[in-house]
Amino acid sequence: MLNNKKPLTLCEKILSTHLTDGVLENEKEIGIRIDQTLTQDATGTMAYLEFEAMNIPSVKTELSVAYVDHNTLQNGFENADDHLFIQSAAEKYGLYYSRPGNGICHQVHLERFGVPGKTLVGSDSHTPTAGGLGMLAFGAGGLDVAAAMAGMPYYITMPKIIKVELTGVLPAHASAKDVSLKLLQILGVKGGVGYIIEWGGEGIKTLSVPERATITNMGTELGATSSIFPSDDRTREFLKAQGREKDYISIAADDNATYDRIIKINLSEIEPMVACPHSPDNVKSVDEIGEIKVDQVCIGSCTNSSIIDLERAASILDGRVASPGVSLTISPGSKQVLTMISQNGTLSKLLNSGSRILECACGPCIGMGMSPNSGGVSLRTFNRNFYGRSGTRDAKVYLVSPEVAAASAINGVLTNPKKYSDDLERAGRAIPENFTINDAFIIAPHSEEKRKSIELLRGPNIKGLPTAEKLGKKLRLEVSLKVEDNITTDHIMPAGGKILPFRSNIPKLSEFCFQVVDDAFSKRAKEMGNSCIIGGDNYGQGSSREHAALVPMYLGVRAVITKSFARIHKANLINFGILPLCFENPLDYEKVRNDSVVEIEITERNIIVKIDGEHIPVIYEFTDRQWDILKAGGLLNYIGNH
Ligand code: MIC
Ligand code: SF4
């Protein structure tokens, strides 16, 4: 525990009241009690299969919610079967179930469930969105979420803390999204690895909860463990408008709290920004890029689909029509948002401008439809523009604010919304005094009595859980793949409308592993039996999908040796019994050939690696708990042994 006299950061305050294991010292492993969990359907089916394997009758958290928002195109029976399975799991184990159409998990969680000062773990990397409400929220693999539902602590390495201090006020044509993109320009996609980002300074008072949530959402793209705003009057205002003022507590860092790094941003100087293909940190200002021709504009996703986002976009689109060369889509973040824009006339403005209104779901963000035309330029208000993610390999996806998206849709070229400053000024940024509340699409947990009679509904596409092999003492592995820096989970285990339906069918899903990098990988790895992957820096960035570890495990990958790992992916590799090792000397990466042979010798707590007979020093630093998980052949086996 912490010395009471030391001024605490906001994170330290929440962590110290939830600490179950370890001490709050930088880079040490800590265990945290988890108050709430969330899952979405693309990761949820697996998470509930894992929870089932733990043999626990009901979730042990204060609140757990199962959302359906990703795999909503039902092109065949698979996704519908997954939805029914998840609904039956929610009914059996005592969770809330948010039905398809109710909205994107992060948006709905913010509206209806998030509570300042509490902890949340979700099987989706953008779970820190709830940090906009003063929650300490983490994205994790499904297995870690299942363990949290079972009442076990969630383990992280105690992060360092960056404070971003905001001053000033955003100009009318700039937005919270531009602040996120600015920070990505400063820090890059791995600049947040090992950090929690705490937002503070006078400027935060000018940002409402939905705007703060855009910023905490995009913190994931920095590789940060989490992002959080204090809970203050703006938080109270939001919770009150959601009919949840009773959930409000005020919580903020102490005045003299110390941080590992402080970054200052003046909101008054923020200009509209763009993340160019194919990385969220490839950021330039709209003016720097100039008028590139645009084929598609998509407004939505968990980053930018709040009522404020859509009203501000509508203020530009009102009375104007999307350029004939532009296909404009809008996905409201939740049924609440859609209901309210239909009540206040915003929806008509959007429809009259030629927008194609999609359902309240992730949609194009995860490649569930709306793939751009060949070689097309797509401007999206989303958070990721990784190669191939849109479903069109040669498309160029740019990430922008709703204001830039709307202005560009009208003009057919990338446009600075400055020319619509008067419209944006009139639209303002205020949240409604009262949100329209209708929780009819959320099914509350069943009584304990009723739960006993519920059977899990398992469609034919839902296959059993593959299990990992125990670690053993010696491994002789051929290299099945060598990849570059910044390999994302979208490279390792692509998503999209054609592949996502197989998230609960690992043998089938495995056929697509690394497909965008090397079509032959899956077959080759399988033929090799046991193999090793070699990666560059920040391997596994992006999504929390445990499938990016589970599927390689299924294909026989026993170790991944890289220059560095993204946090959630490294945890997922350990959970599935794959050794994550780093080159001590990054130059050794160059020595590995596509046909190299890797020999790994494992003693009690030591690992020795030889590549093509030469000793190559590696870094691992596993905690005792992680060693035990690896030796047991993954977290499920480890839990079974305890
Ligand atoms: C994503 O944005 O990549 C996803 C789809 O939401 C993922 C989860 C998944 O792969 O199912 C995430 O961010 O964790
Ligand atoms: Fe859904 Fe996209 Fe958000 Fe992932 S990033 S949760 S796919 S909207």
Side-chain angles (χ1 to χ4, degrees), residues 38-47 67-73 79 82 86 98 100 103-110 121-130 137-142 144-145 177 180 213-214 216-221 223 280 298-306 309 329-334 337 358-370 380-391 397 399 488-497 499-504 509 512 540-551 566-569 571-572:
L38 69 79
T39 57
Q40 40 90 338
D41 49 327
T43 53
T45 312
M46 207 41 83
Y67 292 93
V68 173
D69 54 0
H70 280 63
N71 296 349
T72 54
L73 284 187
N79 291 344
D82 275 357
I86 292 170
S98 173
I104 305 174
C105 55
H106 309 302
Q107 173 68 23
V108 178
H109 210 80
L110 205 68
V121 169
S123 59
D124 191 281
S125 64
H126 291 102
T127 306
T129 309
F138 306 96
D144 279 328
V145 178
K177 178 62 158 285
S180 298
T214 293
T216 48
N217 176 282
M218 289 285 293
T220 299
E221 269 44 72
C298 301
I299 300 180
S301 92
C302 55
T303 317
N304 277 128
S305 58
S306 70
D309 290 324
T329 77
I330 299 189
S331 322
S334 67
V337 172
L358 308 182
E359 71 173 319
C360 308
C362 300
C365 178
I366 190 58
M368 269 283 155
M370 292 297 154
R380 301 177 159 210
T381 68
F382 309 165
N383 46 37
R384 292 185 171 152
N385 57 349
F386 300 145
Y387 177 68
R389 182 173 164 101
S390 68
V397 176
L399 306 176
T488 73
T489 49
D490 277 290
H491 292 104
I492 305 172
M493 205 48 262
I499 305 176
L500 278 166
F502 303 114
R503 281 280 179 97
S504 45
L509 190 67
F512 303 95
Q541 69 159 317
S543 152
S544 67
R545 62 190 73 148
E546 62 189 351
H547 302 78
L550 175 55
V551 169
R567 177 188 74 91
I568 306 178
H569 187 61
N572 285 338

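Order of listing sets the numbers, starting from 1, for every ligand and every atom in it. Values below: all heavy atoms of this structure, side chains included; hydrogens, waters and symmetry mates excluded.
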At less than 4.0 angstrom from any non-hydrogen atom of [X], what atoms of ligand 2 do you find?
X: Arg389; answer: 2 (Fe), 5 (S), 7 (S)
X: His126; answer: 5 (S)
X: Cys302; answer: 3 (Fe), 5 (S), 6 (S), 8 (S)
X: Ile366; answer: 7 (S)

Which atoms from ligand 1 have a heavy atom of [X] less than 4.0 Å away?
X: Thr43; answer: 9 (C), 11 (O)
X: Ser543; answer: 3 (O), 7 (C), 8 (C), 9 (C), 10 (O), 12 (C), 13 (O), 14 (O)
X: Ile366; answer: 5 (C)
X: Arg389; answer: 1 (C), 2 (O), 3 (O)
X: His70; answer: 4 (C), 5 (C), 6 (O)
X: Ser544; answer: 12 (C), 14 (O)

Considering only protein heavy atoms, which is closest to [atom], and at what distance to one decimal place?
atom: atom 6 (O) of ligand 1; answer: Asp124 OD2, 2.6 Å
atom: atom 13 (O) of ligand 1; answer: Ser125 OG, 2.5 Å
atom: atom 2 (Fe) of ligand 2; answer: Cys365 SG, 2.3 Å
atom: atom 1 (Fe) of ligand 2; answer: Cys362 SG, 2.3 Å
atom: atom 11 (O) of ligand 1; answer: Arg503 NH1, 2.8 Å
atom: atom 10 (O) of ligand 1; answer: Arg545 NE, 2.5 Å

Could you check whether any heavy atom of His106 sits closer than 4.0 Å to an atom of ligand 2, since that is the contact criterion I want to use? yes
Tell me which part of [X] gets within contact of ligand 2: side chain, backbone, both or neither, using heavy atoms under 4.0 Å.
X: Asp124; result: side chain
X: Thr303; result: neither
X: Gln40; result: neither
X: Arg380; result: neither
X: His70; result: side chain

With a 4.5 Å limit on heavy-atom distance, are the side chains of [X] and [Y] in contact?
X: Thr43; Y: His70; value: no
X: Pro332; Y: Ser305; value: no
X: Lys177; Y: Met218; value: yes

Describe, in one word, how the ring planes of Phe512 and Phe502 are oriented to each other, choosing from parallel (under 30°), tilted (30 to 60°) and perpendicular (over 60°). parallel
Could you tell me whether the side chain of His569 and the main chain of Ala566 form a donor-acceptor pair under 3.5 Å? no
Can you tell which part of His547 has a heavy atom less than 4.0 Å from ligand 1: side chain, backbone, both or neither? neither
Is the shortest N/O to N/O distance between Asp490 and ligand 1 below 3.5 Å? no
